[in-house]
Each structure stands twice: as structure tokens, then as C-alpha cells.
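In what follows, a single structure is set out as C-alpha cells and then discussed.
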Amino acid sequence: NASGAISHSVTLNVLGRPDIRITEVSSARTTLDPAFIDRVGFAPEDWWEITSFSPVPISLTGWRFDDNSASLGSALTVADTNLVILPGESIVFVERLTPDQFRAWWGTNNLPTGLKIVTYTGSGIGLSSGGDGLRLWNATATANTSAESMPPESPRATLLKPFLFT
């Protein structure tokens, strides 16, 4: 314009914290079946599932998880840097078994087509059938917190959905 002024408009879309929930957990120690081992050739391992209730895809790059020790410092990091969970999608994390071994154990026809299965290994993350827990932190986590000490209005979303089981 003639006065040299410039005007711009900007649209800012603010999204809430990701709503990722631990929706299922299984300690292999509770379901060891010798007949199964004879049939498929390996023992089942611990596994757990997360489901996204967020309206947008969420990158899981840098997300971490740990058992009831709830130690962010010793938590395992999601290794797949391209892993994204879509709205309404579930992803299974399984200890040591390959995705094909997990499918053989669970039954391929019993799993949704395209289900993402992520293998993890590491010490200190084994889930005990005698009572344990599972903690999931997003990529911005900087300190250990517990569900009790993290106020719901906290913008950090340091600890997401602790899951305790007996």
C-alpha cells in the first residue's frame, strides 16, 4: 500500500496433549503354556498395547517406557524413529519376539490387518506377574514424576497414563 505498511494474518491451531493410553498389558510369566512352546518353538514374552485417542497422528520418536521402577533415566526409548500412531490406532510392544513370532503366538487371523508390532529388548523392563507397572513418557519428559504429583493442568505431559497391575 502507499503508506508502506504491511499486514498479515496468522492462524494458530493449538492442540491439546496427546491422548495415548496403555490399553492392555500381559506378563508372559502368567501364561506360560508348555504345549504352546512345543507347537511354535518359543516361549511367549511380555507385551503391552497403546491406543491413540488423539484426533491427530502422534510421532512416538523419543518416547520412553519403564516398569514399576518408574525411572525415566533407565527407561527404554522407542527405537523406531519413524513410528507414528494414528487416531484410533493401537500399537503392540512385545519383549524380544519378532512381529512374526507374536503373530504366530496370537494367531494372525485374530489380529487386525496392518497392526503395528514393535519389538523391544533391554534389562530392567520385565513385567512381573506378582504385581508390576508400566510407565510411558513422551519425548519432552525431563524429570521423574508420578501421576499423583503431576497436576492435570501441567503443560509438560511428562508422564502419561501409568498402568499398575497385580
For residues Glu95 and Tyr120, determine if any side-chain heavy atom of one lies less than 4.5 Å from a side-chain heavy atom of the other. yes
Quick one: does Thr121's side chain have a donor or acceptor within less than 3.5 Å of a partner on Arg96's backbone?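 Absent.
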For the atom pair [atom1] ([X]) and [atom2] ([Y]), what is the distance rounded to the nearest 0.5 Å?
X: Trp48; Y: Ile22; atom1: CH2; atom2: CD1; value: 6.0 Å
X: Ile91; Y: Ile85; atom1: CD1; atom2: CD1; value: 4.0 Å
X: Phe53; Y: Thr23; atom1: CZ; atom2: OG1; value: 6.5 Å
X: Leu76; Y: Trp63; atom1: CG; atom2: CH2; value: 15.5 Å
X: Thr119; Y: Phe93; atom1: OG1; atom2: CZ; value: 10.5 Å

Do Val94 and Leu111 sit in one hydrophobic cluster, given that two such residues count as connected whenever their side-chain heavy atoms are within less than 4.5 Å of each other, even indirectly?
yes
- Task: Indicate if Val84 and Val118 have the same hydrophobic cluster label, given that clusters are the connected sets of ILVMFWY residues with side-chain heavy-atom separations under 4.5 angstrom.
- Result: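 In one cluster with Val84: Val118, no.
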Please report the shortest heavy-atom distance between [X] and [Y], naming the atom on each side.
X: Ala75; Y: Arg64; value: CB-CB, 3.8 Å
X: Thr81; Y: Thr61; value: O-OG1, 2.6 Å
X: Val78; Y: Leu60; value: CB-O, 3.7 Å

Transitive ILVMFWY cluster of Val10, excluding itself - 4.5 Å side-chain cut-off: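 Traced through the cluster, Val10 reaches no other member.
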Contacts of Thr77 meeting side-chain hydrogen bond (donor to acceptor under 3.5 Å, both in side chains) (sequence neighbours excluded), chain-then-number -> none
Practice problem: Using the test side-chain contact (heavy atoms from CB on, under 4.5 Å), find all partners of Ser54 that sit at least two apart in sequence or belong to another chain. | Solution: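 Scan of Ser54 (side-chain contact (heavy atoms from CB on, under 4.5 Å), adjacent residues dropped) gives Pro18, Asp19, Ser52, Ile58.
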By side-chain contact (heavy atoms from CB on, under 4.5 Å), which residues pair with Ser90, not counting sequence neighbours?
->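 If we apply the side-chain contact (heavy atoms from CB on, under 4.5 Å) test to Ser90, skipping adjacent residues, the hits are Glu49, Thr51.
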Residue pairs meeting salt bridge (charged side-chain N to carboxylate O under 4.0 Å, His left out), one or both in residues 68-80, sequence neighbours left out, come to none
Applied to residues 101-117, the salt bridge (charged side-chain N to carboxylate O under 4.0 Å, His left out) test, sequence neighbours excluded, yields Glu89-Lys116, Asp100-Arg103
Worksheet item: Can you say whether the rings of Trp47 and Trp106 are parallel (under 30°), tilted (30 to 60°) or perpendicular (over 60°)?
Response: perpendicular
Step by step, would you call Asp66 with Trp137 a side chain to side chain contact (heavy atoms under 4.5 Å, CB included)?
-> CA-CA 9 Å; Asp66 193 24; Trp137 291 271; 3.6 Å; yes
